[in-house]
Structures are given as C-alpha cells and as structure tokens.
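Here's the structure, in structure tokens; my notes come after.
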Protein chains: 2
Amino acid sequence: MTDQRQRHPRPDRALARAVEASKAPAISRAAAVLRLLGKSDAPLGLQSIARDLGLVPSTCLHVLRALVAEEFVSIDPDTKRYSLEAGVLTLARHWLRRNRFTDLAQPVLDRIGQSFDVTVLGVHIVGLDHLIVVAVSQSGQNFQLSTQVGSRFPALISATGRCIAAFGDHSEAELEARFRTLRWDEPPTFDDWRVQVSQTRVQGFAVDAGNYISGVTVVAAPVWKTPGKLSHALVAIGIGSALKRRGLPALQDALVPAARTLSNQLCGE
Amino acid sequence: MTDQRQRHPRPDRALARAVEASKAPAISRAAAVLRLLGKSDAPLGLQSIARDLGLVPSTCLHVLRALVAEEFVSIDPDTKRYSLEAGVLTLARHWLRRNRFTDLAQPVLDRIGQSFDVTVLGVHIVGLDHLIVVAVSQSGQNFQLSTQVGSRFPALISATGRCIAAFGDHSEAELEARFRTLRWDEPPTFDDWRVQVSQTRVQGFAVDAGNYISGVTVVAAPVWKTPGKLSHALVAIGIGSALKRRGLPALQDALVPAARTLSNQLCGE
DNA sequence: GACCGCCATTCGATATATGAAATAGCGTTC
DNA sequence: GAACGCTATTTCATATATCGAATGGCGGTC
C-alpha cells in the first residue's frame, strides 16, 4: 500500500546525487538516515545504516550523533542500535497546526465518508513525484482500505494521478516517463490513460475503476490553494461493487462540490 | 561575531553550542530551522530565519535548499518564504507505526478517559529536559484541557515531573537546578516538592493538585519499557473540583494498574 | 582462555562546506 | 523614473567536515 522502494541491493544512488549537488550534504545524509530508520521495522546498527546508504561509517556516526542530539533519533545505549525518536512527532504537529487544508477538509471528509461508507482522504500534492496523505476519514466498515496520515504515493497513480495529469501543467513527455514507472494491479495503456485524463479535464474529477487496486474504485477531485497551481485533492476510496450499487454518481456529486468549496475557502484568504 | 550578538539580542545560543560541539553542524542548523519554522505562525523569509538563529544568510540558504530538496520545507516561489512541508508527516507516521507504547496505550487511555471524563495522555520521557505527548484521549466534555500528540513539556513539571524525579535516577543537584527553571501557576517550594516526590516513590504515582495549572488536577503513573529506565507515563488531567466530587481515588485506582499492565506488556516484549 | 570476526569509535590529512563581502533583483519612495 | 532600502543570491578564500585507515571493545567459537 505504501510506496516502499525496495532498493537494498545497492547503496542509494539518489542519495549520492543529492549529496553531490547540495552544498549541505550532511542534511541530505541525515534525511536519508531518517527515512531509512523510518522504513526499517527494527532498530539498526551503525554499520548496517552506513552500508545501506553507501556512507562511510565515521561520517554516518557523526550524522547519527547529531540526529540523536536533536532528538530525531534515539540510540539504545546497550545495543548501539538506532531508531526514530518522538521528536519527529513535534514537527508533524507543528505542520498540522498551521495547515488550513487539513482543518477545513476534515469535517468534509467525515461527512462524505459516513454518507457513502467509503474511506476519504485529503492529499497534498508535492510534485510529479508523489503525494502525501494529510487527512483521513475511515468509514467504520472498510478496514480493508486502510491508509494513514503521512503515507506517500506516486503522484500519477490512480484517480488522483489523472487529476494531476489533467490540471497540473506538465509536459506530455514528462508525464509519459513517469507513467511508465507506475505499478498498477490492472495497468491501463498509456493511450487509454490519456483519454481518461482528457475526460478528467472536462468533467472536473477523475475515476479509477479497479486499475490501481482490483475491485476498488477511487474517485478524486482537485483542490487549489492558489489559482493555477494544483496543490491538493479529495479522494474517495470504496469497494467497486458496493459503489456500483449505492451510486457512484451520487458520490461524485458530493465530492466535486466539496472540493470546489474547499478551493474557494483556501484561495479566498 | 560579538557585534552580531549585540545587534540581535537572542540569536539561539543553544544552537551555537550544538554547532560547536557537533561534527555535523549542518544538521543542527537544519533542525533549528525546522523548529523555527514549526514555531512560526507564518512562512518566513531567508533573512528572518538567519537573523533569528544567528546564521549567516548564505549558509542558511544552503540549509534551506537542502531541506527543500528533502521535502521537509517548502518554498513559495513567488514570495521566497519558507514553511514546513508535509514530508515531516511521513516521518511521524513511521515513528507511530513501529511504536508499541502508543498502540498498547491508546485503548487504555480511551477507557479511562471515558470512565472518568478526563483527558488522558500517554507521554514519552525524553530525558530530564522534556517529555513528548505521544497519545491522547480527549474526553468529550473537556474542551478546555486540550493537548495534541507531539506537544512538548518540561520534564519536571506537574505530576509527571514528580514521577520522573521519583523513579528516574537523577542527582539531587541536577533536579534542583531544573526545578528552579520551571514555571507553575502556583509553584510549590522545592522542599514541598521533594516531599511530594518521596511520597510518589512510595505510593507509585503522583498527583499535582493545581500547582501546574490552577484548578486543574493531574495524576501521573510511571511506565517502564525496560526495567530500571523510566521511559513513559500515563497522565490523567481533569478539573480539580469535578475530580474531587467524582472520586480522585477511583481514578488513581484505574490509572496505576493500567500503567503497571503496560509496563509488563512492554518489558515482556 | 585465547583467538577471531564484527562492530563502534578515534585520528589525522585533505577535499569541501562555510562565512564575509560583493552582486543582483524587486518593491517603495521621492 | 531614478534612487533607495531591502531582499535573495553568488563568489571565493579558508576554517573544517569528511574520509579511510587504525584502534579499541565485545561476543562468539574452538
């Protein structure tokens, strides 16, 4: 469900590039360490971290010590194993505190989720690379469709992806390159997908009928924080068969105006 | 260097020390930037950040660019103002996902919160410096006593502080030094406090009857993840008068065994 | 009980991140 | 419309963070 790139075999090449380019490489390394610790199920030792990221152990140690000092990482003094520390929660709280989208979206998500018995997400579109779930309303019944705040997904996947392709202004070439990297349960062809994107542009919302996950229908409606630059979306996720019975059109008719209202509220101020 | 200090009354001195000591100063700077952006209500410009933290603008720019590249910070391309980005949420989610304390504590908090109509927190004790709220159960009624996951408090404040003083093994001198820096609504004398700490050690839990916040009673019970090293606590917060009526003893009798059970679950693995 | 292997950690030379000053952009004022 | 004050940004010498090798420590094995 999450995007977990399994890139263990070889030391992180993306990190190498980031370090090369940046004038503060220690920060890229620190970020890589945090993400690695985040992905890992168990605390990790210095060597293991250094190996995975292709870092020199001594440098890695410096990074870890700095992160420990800043309370983003904790070290077990006995085993010398490192893991994420609660300090990261504090940052997240601050982000949530000053984020109008989450505040405004939450009641809307809850209302739609309850009415249609679907899981509804508010997502933040970071770029063409991926999006982040920033608000969730889990309907009581559907425990199968579980997602958490903070989850990352490839930007162009599923219904949201069609919205991003339709309303963000990205070059066709770039879109296709990205599209080729996606993994779907039942992948559409690029041509099919382009047609669906065009349709999305016309009708103002997107539907993914089982492409991303078989049997699961996803509806996404775009939200703008500033006119012209697509930044968020509302996403409803439900079992395809259930939605067919209980009215996909009605769900669309709830989601789209909600997204529009949110856009107005966000732009207005 | 010196005249910089004079011009800007409070360029973060703690940061200066951290940078001095660390072998990865960029990371300390990055953390300081993240925290500053977290605290700030509005996006900040480069100069403003550099001034507040006592950083050279060019260095600060490098830090910010690295943080933007890592998606912990976003920049508004028009105004060149920086703010926290949703990437910090992803780290927080990973922390929460692999944290057994929050998982185990949440249902317990909810049960106690509902039974006694109090706000109940699970806190993670980072050290003598502070603790972090990692789980919350907000009872329906008490909107006054609002706290969020990720909030930080001084470690020795209120009832939790008495637990930490009682069960963490810290030197008397250190405790007193820290104690002197605390701010209470109705501060106890150090001697009073020491007596209360002794009492806490004996009875296995602590009560703060309006010292921290006037009229608010706080009960805290210690939780150990590893024997000997106090790491967490359960904290119940309620209006003093209401608790008096509805049985503070009963609340204690619920909280303390719950904390003990949690300790066993966490230690047992 | 001494060896071995693996790990975290220290140490010193060197590539490089940093900081002061210079430059470039941008909105405001006169 | 030019000049000002403010901002972000680039430049480039130098203090310093980084790297690789050497050290120290711990647990397991024979």
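Lettering follows sequence order; numbering is per chain, from 1.
Evaluation of the side-chain hydrogen bond (donor to acceptor under 3.5 Å, both in side chains) rule for Arg178(B) yields Asp129(B) as partners, not counting sequence neighbours. Under the side-chain hydrogen bond (donor to acceptor under 3.5 Å, both in side chains) criterion, Gln148(B) pairs with no residue at all, not counting sequence neighbours. Legend: residues meeting ring-ring contact (aromatic ring centres under 6.0 Å, His included) with Phe167(B), ordered by chain and number and at least two apart, are Trp224(B). Residues meeting the ring-ring contact (aromatic ring centres under 6.0 Å, His included) test with Phe205(B), sequence neighbours left out: none. For the side-chain hydrogen bond (donor to acceptor under 3.5 Å, both in side chains) test, residues two or more places apart in sequence or in another chain that qualify with Glu176(A) are Arg180(A). Arg65(B) is linked by a side chain to side chain contact (heavy atoms under 4.5 Å, CB included) to Leu61(B), counting only residues two or more places apart in sequence or in another chain.
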Throw together a table of side-chain donor-acceptor distances under 3.5 angstrom for residues 80-87 of chain A, partners on residues two or more places apart or in other chains.
| unit_1 | atom_1 | unit_2 | atom_2 | d |
| --- | --- | --- | --- | --- |
| Ser83(A) | OG | Ser74(A) | OG | 3.3 |
| Glu85(A) | OE1 | His124(B) | NE2 | 3.2 |

Residue pair Leu53(B), Cys60(B): steps toward the side chain to side chain contact (heavy atoms under 4.5 Å, CB included) verdict: CA-CA 9 Å; Leu53(B) 299 176; Cys60(B) 191; 5.6 Å; no
Show the distances under 3.5 angstrom between N or O atoms of the protein and N or O atoms of nucleotides 24-27 of chain D.
none

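For the pair Arg29(B) and dT18(C), the criterion of a side-chain N or O lying under 4.0 Å from OP1 or OP2 is met.
What separates CD1 of Ile27(A) from C1' of dT18(D) is a distance of 15 Å, to the nearest Å.
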Could you run down nucleotides 4-13 of chain D 5' to 3' and tag each one B, S or - for protein heavy-atom contact under 4.0 Å? ---SBBB---
